[in-house]
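Structure first, then comments.
Labels below follow one simple rule: chain letters A, B, ... track the order of the sequence lines, proteins then strands, and each chain is numbered from 1. Because the structure is predicted, anything quoted here is derived from the model rather than measured.
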2 protein chains.
Amino acid sequence: MDIKQDLARLNALGYRVTRQRRLVLEVIRANPCLQNVDDIFTQCRGRDESISYPTIYRTLDMLVEAGMARRTHFQGKNWYEGVMSSHHHHFVCTECGATVALAVCPLDFLKEDLRAAQFEVHEHQFELLGICKDCQSNQPKGGVLL
Amino acid sequence: MDIKQDLARLNALGYRVTRQRRLVLEVIRANPCLQNVDDIFTQCRGRDESISYPTIYRTLDMLVEAGMARRTHFQGKNWYEGVMSSHHHHFVCTECGATVALAVCPLDFLKEDLRAAQFEVHEHQFELLGICKDCQSNQPKGGVLL
DNA sequence: TTGGGTGCAAAACCTTTGCACTGAA
DNA sequence: TTCAGTGCAAAGGTTTTGCACCCAA
């Protein structure tokens, strides 16, 4: 669960451990929420003036490949989160951007049906979009839930 | 459930009924599967040489607004389907593009939790991506399931 | 040393917008 | 007649690619 462990695992998988890769990994692990590429880029840029968008994209692809990040797609953008906990999905507030992890994965309810139908599921995405409790009361908050 | 009924309803909602709108409606209703904008455009273009992408996009937006189409987003694209049956989600084969409707919506399993957490859900997306039975046996098929 | 990784610039892709013209009501 | 709707062209936003240079192993 430590960053150093992940870096060692990257190395073991044949990836080189670079300053940029460590940085992206740190950024997505520092936040329990889904973050889009812009957010990740901005945070990385704040700590490394020279890091570029292509590197962010390539690094995130690699982290997904290596099983250290998860990707989902909504609102026309890719969103990423570090793999720090067990698999889960999110409720995303379209007002303040807060994300809250959901307790269950719908796939759990469908496993039998899929096996029966002989589907081979490689990916699934499930996101809920709406307004969180705080934004409903028209008191926009700055912080992040969860 | 008839196209003419939908056109009349569009009219009643204050939308003008144009050749292009009828065409888009016919195309998404002619296919029970999710279709991306490219597919819809190509089919429309085959029957109306002058129809344009902006019109397709604007019409699909309008149909979603009017409750006659549903939109979902995956693989970096918008996907649409006509509203001909009750709400449902899909399994999409990444090999042949076939889509199969799923019997249940995960939201049904979460209603209580969401109410308890006071989430106000406006949208949700749930798609399964993988390989369908036919493609698993390495015999690519041209047709469309469901 | 060396080839995998990076930054830059540009392209690719999907979607939206501005504007003058058209046609449904 | 009139203004919502259309087509065209162009722009916008996100993601990918090509290539020369750099640096982790």
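The aromatic ring centres of B:His122 and B:His124 sit 6.0 Å or more apart.
In this structure, B:Gln125 contributes its side chain and A:His73 its backbone to a donor-acceptor pair below 3.5 Å. Distance alone, capped at 3.5 Å, is enough to place a donor-acceptor pair between the B:Gln136 side chain and the A:Gln118 backbone.
Evaluation of the ring-ring contact (aromatic ring centres under 6.0 Å, His included) rule for A:Phe41 yields A:Tyr53 as partners, not counting sequence neighbours.
Atom-to-atom, CG of B:Asp38 to P of C:dC13 comes out at 10 Å; the value is rounded to the nearest Å. The separation between B:Ile56 atom CD1 and C:dC14 atom P is 15 Å, rounded to whole Å. One atom, OH of B:Tyr53, and another, C1' of C:dT17, lie 18 Å apart when rounded to the nearest Å. A straight line from OH of A:Tyr57 to P of C:dT6 spans 16 Å, rounded to a whole angstrom. Per the geometry, CZ belonging to A:Arg21 stands 14 Å off C1' belonging to C:dG7, to the nearest Å.
Residue A:Cys93 comes nearest to A:Cys132 through the heavy atom pair SG-N, 3.4 Å, listed as atom of the first residue, atom of the second, then distance.
A 6.0 Å sphere centred on CD of B:Gln75 holds more than 12 heavy atoms belonging to other residues, nucleotides or ligands.
For the helix from C:dT1-D:dA25 to C:dA25-D:dT1, the rotation axes defined at the first and last 5 base pairs enclose an angle of 40°, given to the nearest 10°.
Residue A:Ser52 is in base contact, counting any heavy-atom pair closer than 4.0 Å across all strands shown.
B:Phe126 and A:Val92 are assigned to two separate hydrophobic clusters, defined by single-linkage of ILVMFWY side chains at heavy-atom distances under 4.5 Å.
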Check: residues 8-18 of chain A side-chain donor-acceptor pairs under 3.5 Å, at least two apart:
residue, atom, partner, partner atom, Å
A:Arg9, NH2, A:Ala66, O, 3.3
A:Thr18, OG1, A:Arg21, N, 3.2

- Give the C-alpha distance, both sets of side-chain angles, the deciding distance and a yes or no for side chain to side chain contact (heavy atoms under 4.5 Å, CB included) between A:Thr94 and B:Glu123. CA-CA 10 Å; A:Thr94 53; B:Glu123 287 178 60; 5.5 Å; no
**Message:** Using side chain to side chain contact (heavy atoms under 4.5 Å, CB included), reason through A:Leu128 and B:Phe119 one step at a time and then give a plain yes or no.
**Reply:** CA-CA 10 Å; A:Leu128 302 179; B:Phe119 295 156; 5.5 Å; no
* Test A:Cys105 against A:His89 for side chain to side chain contact (heavy atoms under 4.5 Å, CB included), laying out the working first. => CA-CA 7 Å; A:Cys105 169; A:His89 298 277; 3.3 Å; yes
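The closest side-chain donor-acceptor pair between A:Gln20 and A:Thr59, if any, does not fall under 3.5 angstrom.
In 5' to 3' order, the nucleotides of DNA chain D bounding all contacts with chain B (an atom under 4.0 Å from a heavy atom) are D:dC3 to D:dA9.
For DNA chain D, none of the residues of residues 64-77 of chain B falls under the heavy-atom distance limit of 4.0 Å.
Between A:Lys77 and A:Asp38, none of the side-chain N atoms (NZ, or NE/NH1/NH2) sits under 4.0 Å from a carboxylate O, so this pair counts as no salt bridge.
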Per-nucleotide protein contact along nucleotides 20-25 of chain C, 5' to 3', at a 4.0 Å heavy-atom cut-off (B base, S sugar-phosphate only, - neither), is ---BBS
